[in-house]
Amino acid sequence: MIAPLLLTVLLAGDAGARPDPQRPNPNRSDLDRLRSEAIVVQAAEVRVGDGTVFKPGVVVLQEGRIAAVGQAPPLPSGSRTIDCSKQIVTAGLVDAACQLGTCQRFGYAEQSSEVIPAFDAADSIDFFSKDLDELIRDGVTTIYVTGEASSVISSRGTAVKTGGPIAQRRLAATPCVKVTLSGESSRRATFNTPPFRGGDVTFSVRRPTTRMGSAWVFREAFHDALRFKETGKTSGDPAQMRALLDVMEGKVKLRFQAREAADIRSAQRDCDEFGLTFVLEYGNETGECLDLVTSRKIPVIFGPPRDGDSQASQFDDPITAWQTPKLLAERGVPFCLTAADASGEGGLSRQAGFAIKNGLDRARALRAVTTDAAAMIGLDKRIGRLAEGFDADLVVWSGEPFDDVSRPVLVVINGRPVLDVEGRFAKEKS
Amino acid sequence: MLLLSVVTALAIAGSPGPAGERFVRQGGTLAIRVDRIAKPDGTFGPGGWIVVKGGRIESVGAAEAPSGAAVLEFKRGVATPGFIDAVTSLGASGDLAETARAFTPEVQAGDAFDADHTDFRKAAAGGITTVGLSPSSSNVVGGHVAIVRTSGEQGLAVLTGSGPLRFALTPSAFDFERPPTSRMGALPQLRDLLAGDKLKAPGPCLVEASSPDEIRVALETFEKAGREVALLRPNGANDPDEGVAELFERSKESHPLAVVGPFTLSTSARTLALPQTLTTRGVAVAFSANGNPAALRLTAALAVRGGLPADKALQALTAAGARVLGLDDCGALEAGKRADLLVFDGDPLDLASSLDLVLVGGAAQDKKAATTTERSKGTP
């Protein structure tokens, strides 16, 4: 709902500023012209995302990409300037394990089977979801929608931009299949256990109800896949078997959703059986098995801490969920932050704020929601950084990014504003 | 007003009763004189004689009636093709929702057809000459639409063929008790089916898709498979999100169709605007009365209230409906087409105009059937 309004403002503002009846170009729509026109964002501070800071700084956007970044880069002629001289600019935020933006509000999982790695979350994305507007308001410009937790071996995830023309929203991220071994999820109808209070999830009454049972399904599936590879025969769906073989051959990566330390250890055991490696998703109790994560170099997509991960205990117990980002940074474990379904304590910028309050360096926190998150989904050459050639995805903050009182006032995706609280794109300096 | 003059040895008294009908059935020629004749583009041309023989239209717009023909002359007569209810549950004996499986491409809605259902007589008397009897939206692939002519031998409705395949991408097609439970699980199977040669049917793929994203998936999935699409009740096309405009802009080349309705007097103004919105987005619109024989003309009238130009509304009632059902033998007043023909005494979209003559396959219908309250035999 925000986007069309903005576009109207934008088009109106642009038309008023540069009327050019002498040289009408019938082959190019206003949108095309907007996309090709250079836009100069002048800010008090440009935080690139790799630790570099330009103060003051300038970001030049052209053709949907970043053309230049620096203190005073050369400006193309005929460019428009967006005055953000009192604000800080960062790259658009990236959530590497998002559960929003899908077509079925209470989970999009295929309930009919526990092993569905051939399915693709891309088929569940709702590009018109109101979730995406919420994400934009939080400064998130790219999400990797991860598999649902209601199947033991769930679907592949998919990466999309949260706004802009639909044709430009899909991104080719590293494909990952998600595994969940325990009955835990923050959303209704995604439990890996029998439904309580008579929920909708009727297939789940015959699911494995224990970690032991889920691990058994996981191991059985991979043994089936190996048999399928040998004999070409399977009692299950050949497409799913082929997808499992893709995982074993490393063409598709594996993620484990595990919040409890016992789940994390169990994930490692089960992967060892098949020589697999994995990325840890959520990992609330990573702090309890830091040695394992460090020695096996398990990348962690951390968050969000839940109410049960008592914030109060941070004062007397050094190893708590809330301090995990700091501990992972100290140990050199690759990690990023996620807001999952953004329930409870809110979105991705809040997660970065929590990490900062619990000891993580500000610059590192920014990396954990931009550059490092992009690296986690294999898109670090394209998004997550304010650098030449990267997608023109950026956020202008009302104050210090991730502070409780700060919020995005301007969000740009592919060079187009998708949130413009103060109408900066409409106002223009020559 | 119906004026009858006798130019041949054969006289037809009052409206074309049994004698006239027998005459027509026996291969006699009927000539109908009207003041305005609907053109295939939905506008009206000058009047003249429409000549009907053997259940087909022989000629349109002649200045003279052929000799030997029985004639019907209408003062202020406005002739249109018979109306087409593109998607309906009219006269279905039993339910059209077979929920045993999510993919039932072999199902034929014709097997739910009841030739003797009163609704068909009501529909025929109200000017609906062809309907697409359709499986419901409970399955991803629901089966084949049945082509039904509302009147034929002995006044019974006639099943004349199998029409397009009916699909659904709405939540109604998914059930927690039945695999696949999700769009994610259904789409790979649907793409496989579309890529193969199992899904053969005349006309476009009739796809129920309501929300903007369901419309996106319908357009993307079916266009990618090289199939023509008719969106069923794509209410999300009204969404002001610029992404919706983008979807239709991208699909312009493939000329999608849409079926909307039924509208009633309590339908919101926003929904009434849907046919016009779709038209401006390059989509040809047809109407569905969905089981209520009286609703089709009202739907068209209300679509005009919602902004649809009258010519498009008439096309939606006729030619577009024929396209949706994959038919080329009806939907226009042209030589060679079925003699499905209506004569009004004024603008057909003005509900105050009365319908003075209905021919279904050349046979005149009894107007009284439109108001009969006789209980149907087939369904409760």
Side-chain angles (χ1 to χ4, degrees), chain A residues 1-8 29 31 101-113 116 118-130 132-133 145 147-148 150-151 154-156 158 163-169 189 195 199-205 237 239-240 243 416 418, chain B residues 99 101-103 140 168-195 209-224 234-253 277:
Chain A
M1 289 300 282
I2 319 168
L5 282 174
L6 281 175
L7 183 67
T8 317
S29 68
L31 270 181
T102 57
C103 62
Q104 274 147 298
R105 192 162 164 223
F106 295 116
Y108 61 89
E110 178 54 41
Q111 308 281 353
S112 62
S113 170
I116 54 168
F119 293 155
D120 193 338
D123 284 337
S124 297
I125 300 295
D126 180 352
F127 286 99
F128 299 87
S129 168
K130 301 295 172 228
L132 300 177
D133 294 339
V145 178
E148 272 278 351
S150 58
S151 296
S154 187
S155 62
R156 270 172 290 152
T158 193
I166 290 160
Q168 296 165 10
R169 288 212 214 162
D200 284 324
V201 190
T202 56
F203 274 108
S204 71
V205 295
D237 180 353
Q240 309 297 354
R416 282 185 52 182
V418 291
Chain B
T99 57
R101 281 184 283 148
F103 288 76
V140 178
L169 292 168
T170 45
S172 59
F174 301 104
D175 185 329
F176 284 106
E177 301 275 1
R178 183 187 71 175
T181 63
S182 65
R183 189 164 94 186
M184 181 179 72
L187 285 179
Q189 205 175 333
L190 179 60
R191 289 192 200 104
D192 281 354
L193 270 174
L194 287 170
S210 181
S211 77
D213 202 63
E214 286 157 17
I215 294 170
R216 173 188 68 82
V217 172
L219 292 174
E220 283 178 3
T221 306
F222 286 84
E223 280 168 8
K224 198 164 185 189
N235 297 326
N238 259 341
D239 196 300
D241 193 304
E242 64 184 283
V244 174
E246 183 197 334
L247 293 182
F248 285 101
E249 186 61 38
R250 252 197 290 159
S251 293
K252 244 177 183 166
E253 299 283 293
T277 308

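The chains referred to below are lettered A, B, ... by the order of the sequence lines, with proteins before strands, and numbering in each begins at 1. None of these values were measured; they are calculated from a predicted model.
- Within residues 214-224 of chain B, the residues that have a heavy atom under 4.5 Å from a heavy atom of chain A are B:Arg216, B:Glu220, listed by number.
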Give the C-alpha distance, both sets of side-chain angles, the deciding distance and a yes or no for side-chain contact (heavy atoms from CB on, under 4.5 Å) between A:Ile125 and B:Met184. CA-CA 9 Å; A:Ile125 300 295; B:Met184 181 179 72; over 6 Å; no
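- Nearest heavy atom pair, residue A:Glu110 against residue B:Pro180, reads OE2-CA, 3.0 Å.
- Of the possible donor and acceptor atoms, none in the side chain of B:Arg178 sits under 3.5 Å from a partner among the backbone N and O of A:Ser112.
- Looking only at side-chain heavy atoms (C-beta outward), B:Arg183 and A:Thr102 stay at 4.5 Å or farther from each other.
- A:Thr158 meets the side-chain hydrogen bond (donor to acceptor under 3.5 Å, both in side chains) test with no other residue; sequence neighbours excluded.
- For a residue to count as touching a neighbouring chain, one of its non-hydrogen atoms must lie under 4.5 Å from one of that chain's; by this rule A:Ile116 touches chain B with the side chain only.
- Here A:Asp126 pairs with A:Cys103, A:Phe128, A:Ser129, B:Asp213 under the side-chain contact (heavy atoms from CB on, under 4.5 Å) rule; sequence neighbours left out.
- Of all non-hydrogen atoms in B:Arg250 and A:Ile166, the two that sit nearest each other are NH2-CG2, 3.6 Å.
- Between chain A and the options B:Ser211, B:Ala186, B:Pro212, the largest number of non-hydrogen pairs under 4.5 Å is found for B:Pro212.
- With sequence neighbours left out, B:Ala245 forms a side-chain contact (heavy atoms from CB on, under 4.5 Å) with B:Arg281.
- Proximity of a side-chain donor or acceptor of B:Glu246 to a complementary backbone N or O of A:Ala167 within less than 3.5 Å is detected.
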